[in-house]
Structures are given as structure tokens and as C-alpha cells.
Visitor: 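The structure's right below; bear with me while I get my questions together.
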Number of protein chains: 2
Amino acid sequence: MARRGSYAKGIAKREEILSVALDLVATQGFRRTSIKDVADAVGLTQAGLLHYFDSKDELWVAILRRRDEHDNAAQWDAPDFAALLAAVVRHNAEVPGLVQMFVNLSAAAATDPEHPAHDYFRERYESTRSRMTADFRTMQQDGRLRADLDPEELASVLLAVSDGMQIQWLYDPSRDMAEHVELVTRLAMAQATTAS
Amino acid sequence: MARRGSYAKGIAKREEILSVALDLVATQGFRRTSIKDVADAVGLTQAGLLHYFDSKDELWVAILRRRDEHDNAAQWDAPDFAALLAAVVRHNAEVPGLVQMFVNLSAAAATDPEHPAHDYFRERYESTRSRMTADFRTMQQDGRLRADLDPEELASVLLAVSDGMQIQWLYDPSRDMAEHVELVTRLAMAQATTAS
DNA sequence: GTCTATAATTTGATAGAC
DNA sequence: GTCTATCAAATTATAGAC
């Protein structure tokens with residue numbers, strides 16, 4: 001079934017583009033990667049590639065969205081929320097292309113409301129912050145999290161640490177992003193006596 | 001003295017360019033501001049403006065450097081380091097052009113070693129981190145800072161929170177950057193019982 | 001010190017054929 | 001679904017005159 005017209009092929013090609021683009025970004029840098037580079041790498045012309053994505057930025061956003069889906073679907077064997085966040089961040093270090101893309105796009109879209117990724121990021125910050133906030137409230141009721149912290153503020157802070165460490169990591173890959181995130185979660189935990 | 005050739009005038013014009021550029025960025029957004037826009041605003045042609053700066057990115061970096069100088073020279077009536085950092089961050093909210101510039105350039109330069117601002121940022125992260133680290137060591141000796149924290153890690157984290165909150169603030173200006181930074185410093189202080 | 005004029009790309013996007 | 005051809009185009013950067 002579905003022999004020609006080949007609906008499935010289109011989907012597969014789209015997927016291929018997404019992962020090849022990601023590799024290219026990781027290899028030659030986000031800003032040095034043009035839509036034409038990606039097209040060449042998947043054996044298409046630039047115009048051919050734009051058949052799959054409306055614009056360059058739409059392509060980048062599609063990659064970010066796919067990452068979100070994977071992250072949400074993944075089983076992060078994490079005992080608690082702090083560990084989960086650290087696990088995600090730790091995983092990011094394995095995908096430098098995504099980090100580059102995230103850092104650059106979130107900055108570009110932040111200062112331009114017309115940017116194709118603006119809404120994506122605004123909504124992403126809002127939704128992850130509110131999801132984390134809810135988790136933190138529960139943890140406070142369970143006595144696992146310090147009661148004197150504002151849950152929403154803490155959520156913001158953790159997102160900020162994670163974003164900020166990505167930048168520092170890009171300048172100096174020897175810095176351990178996950179470890180720094182864990183430092184903050186440790187401080188936020190109840191009876192945080194800290195184990196080194 | 002110095003009537004013609006007018007050395008002083010060149011300096012003044014340069015200063016004028018720097019501050020007009022900053023205003024433009026704050027008004028119309030970093031990515032929407034071209035070198036020609038700045039030239040128009042100061043009554044120069046684009047080529048005329050490039051007499052003062054070697055390239056567009058050099059102009060941006062010059063603005064950032066000037067900010068650093070001012071910040072370092074300023075008297076931030078701050079009792080301790082935590083308050084100082086918060087004061088700087090709080091001040092940033094008054095200069096949206098600088099925040100936009102910082103966020104965009106630090107991201108762009110992070111993923112491109114050839115970027116004119118790459119070295120500036122790498123060195124800036126390194127030097128501020130090490131200065132903060134030294135401060136924290138002293139504070140630990142004085143018993144003002146929790147002894148179980150790695151001073152350098154804490155320094156990284158605070159820079160990260162500050163950078164990360166700038167991004168969130170650009171997406172949602174109602175979030176208070178300084179307050180979030182203070183949350184972390186509070187947690188790091190010795191006997192952090194927190195006052196709301 | 002400032003301008004005119006122009007180069008030099010690069011790169012993203014569209015129209016229409018196959 | 002993919003290509004050819006072409007546009008749009010915006011900038012940045014440079015050479016050389018005044």
C-alpha cells in the first residue's frame with residue numbers, strides 16, 4: 001500500500017533532513033550552517049529542501065520541537081525531579097548541535113517578537129516553568145523541598161542556571177553543566193546538608 | 001590647544017556613536033539595528049561611521065567594554081558581594097539595549113571562535129568567575145558563606161543565573177532578574193534561614 | 001574626518017517546469 | 001517531490017576623492 005505518491009517517503013526525508021541538519025550544526029557551527037549546506041548534505045537543492053520547511057528558521061524550530069518530544073517521551077531513570085533535570089542537562093552535552101541551536105535561537109528570538117521562534121520559546125519557558133512549579137509545590141508538601149522558597153522563583157532559577165551554563169559550556173566545554181544544576185537543586189532540598 | 005586635527009572631537013564622536021547605538025538597539029531591537037541606522041542617527045554615512053570602528057561587531061563589543069568599565073568604576077553601595085551582584089543585575093533592567101546586545105552577542109560568539117567578540121566573552125567569563133571565586137573563598141573563611149560549597153562552582157552558577165534570567169526577562173519583562181539572583185545568593189549564605 | 005560609489009558576496013525565498 | 005532560474009536584498013566593507 002502507499003506505493004507511489006509515497007507519503008511515507010516524504011516523512012522519512014523530513015526526518016533525515018532534521019538529523020542531518022543537527023549534525024551539520026554540531027560540526028561546523030550554527031551560524032556557519034546555511035540552508036544550502038543542509039540541502040547539499042541530504043542530496044537536495046536549496047529550493048528542494050524548502051519544499052519541506054517554509055523557511056530556514058522553521059527548520060531550526062522543527063529540530064527543537066522534535067527534541068522536546070523525544071525528551072518528554074524518554075524514560076530518564078530519575079528518582080526525583082532534581083535528578084531528572086540533571087539527567088536532561090547531562091544529556092545535552094552529548095548533543096552540541098542542539099545546544100548551539102537553542103542558545104542562538106533563544107537569543108535571537110528573544111529580541112525580536114517577529115522571529116519565527118519567538119512564540120515557541122515564550123510558550124516553552126512558560127509551560128516548563130509552570131510544570132516545574134507544580135512539582136515543587138508537591139515536594140514542599142512532602143517536606144522534600146525547603147518550605148521557605150517560592151516554587152515559581154525556584155523554577156525560573158533552575159531554567160536560568162541550565163540556560164546560562166550552556167553558554168559557559170560552549171566557551172569552555174570542561175565545565176560540567178549538570179553538576180552546576182545539581183548544586184542548586186541540592187541547596188533547594190530540605191535539610192540540605194550536602195554531600196560533596 | 002588641539003584646535004584642528006581635533007583629536008578631542010574624534011573621541012567625543014566615538015562616545016556619541018556608542019550611546020546612540022545603544023539607544024537604537026533598545027528601541028528597535030538588536031537584530032533590527034544595522035550599522036547604517038546608527039550612522040543615520042548620528043548624522044554620518046555608513047562609511048563615515050566605519051571610520052571609527054573596524055566593523056559592525058567591533059562597534060558592539062566596544063559598547064560592551066564601555067559598560068564593563070563603567071560597572072567596574074561605579075560605587076554600588078553594596079554591603080556584601082551578594083548585594084553587589086544583585087545591584088548590577090537590577091541596574092541592567094534599566095538598560096535593555098545592553099541586555100539585548102549581551103544576550104545576542106554572547107550566543108553568537110559562543111558558537112563561532114572566529115567571531116570578533118569570542119575572545120572578549122571567553123576572557124570575561126574567566127576573569128569574573130575567578131574574581132568571584134576569590135571573594136567566595138574569603139567569605140567562607142569569614143563564615144559568611146556555606147563551607148560545603150565549591151567556590152568556583154558557585155561563581156559559575158551565579159553567572160549562569162544572571163545570564164539565564166536575562167533571557168527569561170526579555171521574553172517576559174515582569175520577571176525580576178535581581179530577585180532571582182538574590183534567591184541563590186541567599187541559599188548560599190551561611191545559616192541561610194531566609195527572610196522572605 | 002567624512003563622503004561617494006561600488007564591490008562583493010552570501011543567502012534566503014519564489015515561480016514555474018519536469 | 002525536486003530542480004532551474006532568478007530575485008530580492010540587504011548589508012557590510014573597501015577604494016579613493018574632497
Side-chain angles (χ1 to χ4, degrees), chain A residues 1-18 20-21 24-25 28-63 101 104-105 108-109 111-112 114-118, chain B residues 1-18 20-21 24-25 28-63 101 104-105 108-109 111-112 114-118:
Chain A
M1 57 213 90
R3 175 129 48 85
R4 76 112 198 304
S6 201
Y7 194 60
K9 187 192 170 191
I11 305 227
K13 193 73 184 176
R14 215 184 121 97
E15 278 299 308
E16 187 198 346
I17 294 170
L18 292 177
V20 167
L24 268 183
V25 167
Q28 60 189 218
F30 177 70
R31 299 195 112 79
R32 296 187 176 287
T33 305
S34 71
I35 213 165
K36 180 178 185 307
D37 294 336
V38 179
D40 289 348
V42 293
L44 281 181
T45 59
Q46 179 240 19
L49 188 145
L50 283 182
H51 168 67
Y52 292 93
F53 302 93
D54 290 342
S55 75
K56 179 198 178 191
D57 285 326
E58 298 288 356
L59 165 60
W60 305 140
V61 176
I63 294 176
M101 208 174 286
N104 276 279
L105 278 183
T111 57
D112 180 2
E114 305 304 312
H115 194 290
H118 186 87
Chain B
M1 58 211 87
R3 175 129 47 86
R4 77 112 197 306
S6 200
Y7 194 59
K9 186 192 171 191
I11 305 231
K13 193 73 184 176
R14 215 184 120 97
E15 279 298 309
E16 186 198 346
I17 293 171
L18 292 177
V20 168
L24 269 183
V25 168
Q28 60 189 219
F30 177 71
R31 300 195 111 79
R32 297 188 176 287
T33 305
S34 72
I35 213 165
K36 179 178 186 305
D37 294 336
V38 179
D40 289 348
V42 294
L44 281 180
T45 59
Q46 179 242 18
L49 188 145
L50 283 182
H51 168 68
Y52 293 91
F53 302 92
D54 290 342
S55 75
K56 180 197 176 191
D57 284 326
E58 297 288 357
L59 165 60
W60 305 140
V61 175
I63 294 176
M101 210 174 284
N104 277 279
L105 279 182
T111 57
D112 181 1
E114 305 304 312
H115 194 289
H118 185 86

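The sequence lines fix the lettering, A, B, ..., with proteins before strands; numbering per chain opens at 1. Keep in mind it's a predicted model, so treat the numbers as computed, not measured. What you see below is based on every heavy atom in this structure, not just the backbone, and it leaves out hydrogens, waters and symmetry mates.
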Visitor: Would you mind building the protein contact string for nucleotides 5-18 of chain C? One character per nucleotide, 5' to 3', B for base within reach (heavy atoms under 4.0 Å), S for sugar-phosphate only, - for untouched.
Guide: B------BBB----
Visitor: Would you find a donor on one side and an acceptor on the other, under 3.5 Å apart, between the side chain of A/R32 and the backbone of B/D112?
Guide: no
Visitor: Does B/H51 put a side-chain nitrogen or oxygen below 4.0 Å from OP1 or OP2 of C/dT2?
Guide: no
Visitor: Within this structure, what is the OH-to-P distance between B/Y52 and D/dA13, rounded to whole angstrom?
Guide: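 Distance check: B/Y52 OH to D/dA13 P gives 18 Å.
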Visitor: Donor-acceptor pair, A/D40 side chain versus A/D37 backbone, under 3.5 Å?
Guide: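 Pair absent, no side-chain N/O of A/D40 close to backbone of A/D37.
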Visitor: Rounded to whole Å, please give me the gap between CD in B/E58 and P in D/dT14.
Guide: 11 Å
Visitor: Do A/L44 and A/H51 pass the side-chain contact (heavy atoms from CB on, under 4.5 Å) test, and can you show the C-alpha distance, the side-chain angles, and the key distance before you say yes or no?
Guide: CA-CA 10 Å; A/L44 281 181; A/H51 168 67; over 6 Å; no
Visitor: Have a look at B/W60 and tell me which of B/L18, B/V25, B/N104, B/I35 forms a side chain to side chain contact (heavy atoms under 4.5 Å, CB included) with it.
Guide: B/V25
Visitor: Drop me the distance from B/L49's CG to B/K13's NZ, to the nearest 0.5 angstrom.
Guide: 9.0 Å
Visitor: Rounded to whole Å, how long is the line connecting atom CD1 of A/I11 with atom P of D/dG1?
Guide: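 Going from CD1 in A/I11 over to P in D/dG1 covers 9 Å.
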Visitor: Taking the side chain as every heavy atom from C-beta outward, state whether A/F53 and A/V61 have any atom pair closer than 4.5 Å.
Guide: no
